[in-house]
Each structure stands twice: as C-alpha cells, then as structure tokens.
Engineer: 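First, the structure itself, so that you have it in front of you.
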Amino acid sequence: MEQMFDKFFDSIANLFGGGDSIPWCDRDVIHGCEKEVAEANKGDSDEQKSESIMRLSWALVHSKQPEDVQRGIAMLEASLANTSSPLHQREKLYLLAVGYYRTAEYSNSRHLVEQCLEIAPDWRQALTLKKTVEDQIAKDGLIGIGITASAVGLIAAGIVAALVRR
C-alpha cells in the first residue's frame with residue numbers, strides 16, 4: 001500500500017516539476033564556445049568554423065538563460081538553409097527542436113523533431129525528445145483542463161450560493 005502512495009505522489013511531483021532528460025549548459029561552456037568561434041573566424045577552414053558554430057549553437061539551446069536559447073535558435077535557423085548534408089540538417093533540426101522545447105513552443109518542437117525522424121527514423125535522441133515534448137503537451141492539457149474545471153466549479157458554487165440566499 002505504501003508503494004502505491006509513493007508512486008502516486010511521485011507521479012504528481014513529476015507532473016508539476018518537469019523532469020525532462022535534456023541536458024543543461026552553463027555560461028562557462030557558452031563563453032568557451034564563443035571564444036572558439038572567434039578564433040575559428042580568424043583563419044580556420046570553413047569546416048572548422050562550421051563545427052565551432054554548431055558547438056556554440058548546441059550550448060546556447062541547452063542554456064538555462066532564455067536569451068541564450070533565443071540566440072541559438074536564431075543561429076540555427078540562419079544556417080539551416082545552407083545545409084546540404086542530411087546528417088548536418090538532422091543535427092540542426094534536432095537542436096532547433098530542443099530550443100523550441102526550452103522556450104515552451106512545443107508544437108514547433110514536435111514538428112521539427114518529426115522532420116528529424118523522417119531523416120533518421122531510429123535516432124534515439126530524437127525519439128526521446130519527441131516523447132518528452134508529447135508528455136509536456138499532455139501535461140499542459142491536463143493543467144488547462146484542471147484550471148477550466150476549477151473555474152466552472154467556482155461559478156457553479158457562486159450560482160448555488162446566490163440561489164440559496166434568495
């Protein structure tokens with residue numbers, strides 16, 4: 001019986017606490033990647049520049065700072081049109097999906113992760129992100145239903161109270 005209560009309370013805690021498995025990145029890593037991009041722009045090959053920009057984009061969309069995430073999204077969107085390799089396109093789409101997930105734009109995130117899965121249907125990272133996004137959409141739906149039901153309950157209670165007073 002105690003296990004059932006623990007499981008129930010854990011599920012409630014996960015509902016309101018989040019708990020996704022997407023890693024976070026701190027400012028020190030972002031700063032290091034920015035230095036790497038600046039150095040690569042001084043004379044490295046185009047491939048080195050591209051790789052350093054991808055690392056910076058990864059760090060930005062995994063940041064806890066919303067402005068960093070937005071910057072990462074903008075960088076990825078700007079570079080996506082110039083991507084010819086399916087592997088690089090898949091990576092950029094995935095990172096964009098992470099960025100949109102971090103900014104709570106779940107429908108955009110789901111759309112992008114589905115594009116990733118068209119390129120690589122068995123890619124575990126994308127499959128995990130898709131499940132995370134869909135779980136978040138369902139959670140938001142449950143919270144919305146709960147808020148609506150509470151509002152309807154309060155209105156009904158107010159009507160009943162008004163009728164009882166008459």
Side-chain angles (χ1 to χ4, degrees), residues 1-34 50-51 53-83 85-157:
M1 186 68 150
E2 186 176 324
Q3 286 177 325
M4 285 177 43
F5 282 120
D6 289 342
K7 189 174 183 179
F8 172 75
F9 288 118
D10 285 344
S11 68
I12 296 297
N14 284 336
L15 178 66
F16 292 105
D20 63 57
S21 60
I22 300 169
W24 293 100
C25 188
D26 62 24
R27 292 267 182 174
D28 294 336
V29 173
I30 293 170
H31 185 66
C33 290
E34 288 171 332
S50 178
E51 287 177 13
I53 289 171
M54 278 299 291
R55 281 190 287 279
L56 176 58
S57 298
W58 183 96
L60 289 169
V61 298
H62 286 86
S63 173
K64 290 186 178 185
Q65 305 301 318
E67 62 275 6
D68 290 339
V69 177
Q70 288 297 332
R71 204 169 115 216
I73 289 171
M75 287 174 65
L76 288 160
E77 286 177 339
S79 69
L80 191 59
N82 301 330
T83 305
S85 161
L87 178 64
H88 289 137
Q89 183 179 18
R90 176 192 82 167
E91 293 289 330
K92 289 178 182 181
L93 289 169
Y94 175 79
L95 290 176
L96 273 169
V98 169
Y100 281 120
Y101 175 78
R102 291 284 189 224
T103 59
E105 294 182 45
Y106 304 122
S107 62
N108 286 342
S109 182
R110 180 173 47 190
H111 175 71
L112 290 164
V113 80
E114 286 171 352
Q115 287 182 325
C116 287
L117 292 169
E118 287 175 12
I119 296 169
D122 297 330
W123 191 25
R124 281 194 181 145
Q125 232 177 329
L127 290 167
T128 300
L129 178 59
K130 183 178 181 185
K131 180 175 180 351
T132 301
V133 170
E134 289 175 346
D135 289 350
Q136 186 64 45
I137 290 170
K139 179 175 119 177
D140 285 358
L142 284 175
I143 291 170
I145 290 170
I147 291 169
T148 302
S150 297
V152 168
L154 287 173
I155 291 169

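As the structure is a computational prediction, the values presented were derived from the model and not from experiment.
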Engineer: Within this structure, what is the CG-NE2 distance for the pair Asp26 and His62, rounded to the nearest 0.5 Å?
Structural biologist: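 If I round to the nearest 0.5 Å, the distance is 13.0 Å.
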Engineer: Tell me, please, which residues at least two apart from Asp135 pass salt bridge (Lys or Arg N to Asp or Glu O under 4.0 Å).
Structural biologist: Lys131
Engineer: Under the ring-ring contact (aromatic ring centres under 6.0 Å, His included) test, which residues partner Tyr100, sequence neighbours left out?
Structural biologist: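 Counting only residues at least two positions away or on another chain, Tyr100 forms no ring-ring contact (aromatic ring centres under 6.0 Å, His included).
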Engineer: Considering only distance and modelled atom types, tabulate donor-acceptor pairs under 3.5 Å from the side chains of residues 108-121, sequence neighbours left out.
Structural biologist:
from   : atom 1 : to     : atom 2 : distance (Å)
Asn108 : ND2    : Glu105 : OE1    : 2.9
Ser109 : OG     : Ala97  : O      : 2.7

Engineer: Mind jotting down which residue pairs meet the salt bridge (Lys or Arg N to Asp or Glu O under 4.0 Å) criterion with at least one end in residues 90-99? Sequence neighbours excluded, please.
Structural biologist: none
Engineer: Could you measure the distance from the CG atom of Leu80 to the CG atom of Leu93? Nearest 0.5 Å is fine.
Structural biologist: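 Taking CG in Leu80 and CG in Leu93, the distance rounds to 5.0 Å.
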Engineer: Write out all pairs satisfying ring-ring contact (aromatic ring centres under 6.0 Å, His included) with one or both partners inside residues 116-140, taking only residues at least two apart or from two chains.
Structural biologist: Tyr94-Trp123
Engineer: Considering non-hydrogen atoms only, spot the tightest contact between Val133 and Tyr101 and give its length.
Structural biologist: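 Distance-wise, the nearest heavy atoms are CG2-CD1, 3.7 Å.
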Engineer: Looking only at heavy atoms, what is the nearest atom pair of Ala59 and Val29, with distance?
Structural biologist: CB-CG1, 4.3 Å
Engineer: How many angstroms lie between OG in Ser57 and CD1 in Ile30, if you round to the nearest 0.5 Å?
Structural biologist: 11.0 Å
Engineer: Let me check something: any side-chain donor-acceptor pairs from residues 63-76 under 3.5 Å, sequence neighbours excluded? List them with distances.
Structural biologist:
from  : atom 1 : to    : atom 2 : distance (Å)
Ser63 : OG     : Gln65 : N      : 3.0
Ser63 : OG     : Asp68 : OD2    : 3.0
Glu67 : OE2    : Arg27 : NH2    : 2.9
Arg71 : NH1    : Glu34 : OE2    : 3.0
Arg71 : NH2    : Glu34 : OE2    : 2.7

Engineer: What verdict does the side chain to side chain contact (heavy atoms under 4.5 Å, CB included) test give for Trp58 and Cys25, after you've listed the backbone C-alpha separation in whole Å, the side-chain angles of each residue and the deciding distance to 0.1 Å?
Structural biologist: CA-CA 9 Å; Trp58 183 96; Cys25 188; 4.0 Å; yes
Engineer: Who pairs with Ser85 by side chain to side chain contact (heavy atoms under 4.5 Å, CB included), at least two apart in sequence or on another chain?
Structural biologist: Leu87, His88
